[in-house]
Undergrad: 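Quick one: the structure is below, and I'll ask about it shortly.
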Amino acid sequence: MAEQRRDARDGRDTGEDPQDSRNVRRRRVPDDVARAWDELVATARRTVTDGLVVGTSGNVSVRVRGTVLVTPTGVPYDRLTPDDVTGVDLSGRQVLGTLRPTSELPMHLAIHTTTDARAVVHTHAVHATAVSTLVSELPLIHYMSAALGGPVRVAPYAAYGTPELAENMLRALTERTACLLQNHGTVTYGNTLSEAYDRTAQLEWMSHLWLTASSVPGLSPNLLTHAQVAEVGERLRGYGQPG
């Protein structure tokens, strides 16, 4: 990455077209890694645009073969460029870039090494985080809980970036693709960044729905049964277009 940045400076000093310099930098990593990094940055920026994180809170990862690309710690997402690609192997050893990986790396690696996940999204979404302070499991307010594997559990609180938090999260994710982190936020995973992000958005929407319904004085929201949610889970197996 240092060579990449020197190339960029040299391009400016010699009058080389900046676009050509960027293309040179992009060719220094495999095309699939470059594409995955672009999608990761776009997803991270979307979490800010959609109000799921504030500033540099939250983080995103995507796995390309044995390399996990992750957002770097403390860097605003709108400042990330193609030559900021940051990656580690499955043991956590940095293999791409010079920026330090997210402080939540233990959490991301725990998912990538114990599930079939290709992508992970972690946010501090307001409504979902509020729910994490109130209950040990998001009540079955909507049948789309089935899309996340069933009732969404709340992982007990632990300090961010610690192995304890990663362990608590994994227990909450048993047979699930999403969980809440107590007094912290959300974690979802999927086969693609798009799928992981959609699950995050779904979790935040259901959390907002439950908080809204629960706030009506003198009334309690009707909740679905586990059997009703399981039935929807079966129906969702055939949802969407073939392939």
Side-chain angles (χ1 to χ4, degrees), residues 1-2 4-5 25-26 28-50 52-125 155 158-170 173 177-179 181 184-201:
M1 298 306 298
Q4 294 175 11
R5 290 191 172 86
R25 294 199 300 271
R26 295 298 295 275
R28 293 183 181 274
V29 297
D31 287 345
D32 56 348
V33 172
R35 288 193 298 268
W37 177 253
D38 285 346
E39 187 178 4
L40 179 146
V41 171
T43 301
R45 289 173 178 168
R46 187 178 176 190
T47 64
V48 177
T49 300
D50 291 353
L52 299 177
V53 304
V54 175
T56 60
S57 64
N59 26 77
V60 180
S61 69
V62 62
R63 183 158 61 93
V64 182
R65 298 183 300 281
T67 299
V68 178
L69 306 180
V70 295
T71 46
T73 186
V75 180
Y77 301 139
D78 61 355
R79 296 183 188 174
L80 292 176
T81 67
D83 59 326
D84 289 324
V85 59
T86 304
V88 300
D89 63 19
L90 292 172
S91 71
R93 180 176 63 91
Q94 187 158 358
V95 295
L96 287 174
T98 58
L99 296 175
R100 286 191 297 130
T102 171
S103 57
E104 295 287 15
L105 186 60
M107 197 163 61
H108 287 264
L109 290 179
I111 295 176
H112 284 292
T113 57
T114 60
T115 74
D116 60 356
R118 288 287 182 178
V120 179
V121 174
H122 165 52
T123 78
H124 293 178
Y160 78 90
T162 61
E164 182 184 2
L165 177 60
E167 292 168 7
N168 292 349
M169 175 203 66
L170 282 181
L173 282 174
T177 55
C179 76
L181 306 175
H184 185 155
T186 69
V187 176
T188 65
Y189 71 84
N191 291 321
T192 64
L193 280 166
S194 178
E195 184 175 59
Y197 185 88
D198 288 347
R199 287 170 174 167
T200 300

Undergrad: Does the side-chain hydrogen bond (donor to acceptor under 3.5 Å, both in side chains) test come out yes or no for His122 and His184, once each step is laid out?
TA: CA-CA 10 Å; His122 165 52; His184 185 155; 3.1 Å; yes
Undergrad: Are any side-chain N or O atoms of Trp37 and backbone N or O atoms of Thr86, one a donor and one an acceptor, separated by less than 3.5 Å?
TA: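 Pair absent, no side-chain N/O of Trp37 close to backbone of Thr86.
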Undergrad: Between Thr188 and Ala196 (side chain of the first, backbone of the second, donor and acceptor by atom type, cut-off under 3.5 Å), is there such a pair?
TA: yes
Undergrad: Mind running side chain to side chain contact (heavy atoms under 4.5 Å, CB included) on Thr115 and Leu173 for me, showing each step along the way?
TA: CA-CA 10 Å; Thr115 74; Leu173 282 174; over 6 Å; no
Undergrad: Apply side chain to side chain contact (heavy atoms under 4.5 Å, CB included) to the pair Val121 and Arg199, showing each step before the final yes or no.
TA: CA-CA 9 Å; Val121 174; Arg199 287 170 174 167; over 6 Å; no
Undergrad: Under the rule for side chain to side chain donor-acceptor pair (under 3.5 Å), what residues qualify as partners of Glu39, not counting sequence neighbours?
TA: none
Undergrad: With a 4.5 Å heavy-atom cut-off, do Leu90 and Arg63 have their side chains touching?
TA: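 Yes, close enough: below the 4.5 Å cut-off.
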Undergrad: Nearest 0.5 angstrom please: Leu80 CG to Leu40 CG, how far?
TA: 8.5 Å
Undergrad: Supply the atom-to-atom distance Gln94 CD to Leu105 CG, rounded to the nearest 0.5 angstrom.
TA: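 One finds 9.0 Å between CD of Gln94 and CG of Leu105.
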Undergrad: Tell me the closest heavy-atom pair linking Ile111 and Ala117, and the distance in Å.
TA: CG2-CB, 3.6 Å
Undergrad: Of all residues at least two apart in sequence or in a different chain, which pass the side chain to side chain donor-acceptor pair (under 3.5 Å) check with Asp50?
TA: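 Checked Asp50 against side chain to side chain donor-acceptor pair (under 3.5 Å); matches are Arg46, Tyr197.
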Undergrad: Can you name the closest pair of heavy atoms from Tyr160 and Ser103 and give their distance?
TA: CE1-OG, 3.5 Å
Undergrad: Atom OG1 of Thr56 and atom CG of Asp78: how far apart are they, to the nearest 0.5 Å?
TA: 11.0 Å
Undergrad: Under the rule for ring-ring contact (aromatic ring centres under 6.0 Å, His included), what residues qualify as partners of His112, not counting sequence neighbours?
TA: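 His112 satisfies ring-ring contact (aromatic ring centres under 6.0 Å, His included) with no other residue.
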Undergrad: So which heavy atom on Ala159 is nearest to which on Leu165, and how close?
TA: O-CB, 3.7 Å
Undergrad: Ignoring hydrogens, what is the shortest heavy-atom contact between Ala36 and Leu193? Give both atom names and the distance.
TA: O-CD1, 4.4 Å
Undergrad: Please test Thr186 against Thr200 for side-chain hydrogen bond (donor to acceptor under 3.5 Å, both in side chains), starting from the C-alpha separation and ending with a verdict.
TA: CA-CA 7 Å; Thr186 69; Thr200 300; 4.8 Å; no
Undergrad: With sequence neighbours left out, what residues match Ser91 under side chain to side chain donor-acceptor pair (under 3.5 Å)?
TA: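 Checked Ser91 against side chain to side chain donor-acceptor pair (under 3.5 Å); matches are Asp89.
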Undergrad: Name every donor-acceptor pair, under 3.5 Å, that has one atom in a side chain of residues 64-76 and the other anywhere in the protein, sequence neighbours excluded.
TA:
{"from": "Arg65", "atom 1": "NH1", "to": "Asp32", "atom 2": "OD2", "distance (Å)": "2.3"}
{"from": "Thr71", "atom 1": "OG1", "to": "Val60", "atom 2": "N", "distance (Å)": "3.2"}

Undergrad: Output every pair passing salt bridge (charged side-chain N to carboxylate O under 4.0 Å, His left out) with a member in residues 104-118, not counting sequence neighbours, ordered by first then second residue.
TA: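 Counting only pairs at least two positions apart or across chains, no salt bridge (charged side-chain N to carboxylate O under 4.0 Å, His left out) contact touches residues 104-118.
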Undergrad: So which heavy atom on Pro106 is nearest to which on Gly161, and how close?
TA: CG-O, 3.6 Å
Undergrad: Please find the pair of heavy atoms, one from Met169 and one from Ala110, that lie closest to each other, and give the distance.
TA: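 The answer is CE-CB, 4.0 Å.
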Undergrad: Given side chain to side chain contact (heavy atoms under 4.5 Å, CB included), test Met107 with Leu181 step by step and report yes or no.
TA: CA-CA 11 Å; Met107 197 163 61; Leu181 306 175; 3.8 Å; yes
Undergrad: With no hydrogens and no angle check, is any side-chain donor or acceptor of Glu167 less than 3.5 Å from a backbone partner on Thr162?
TA: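 Not at all, since once roles are kept as given, no pair shorter than 3.5 Å links the two residues.
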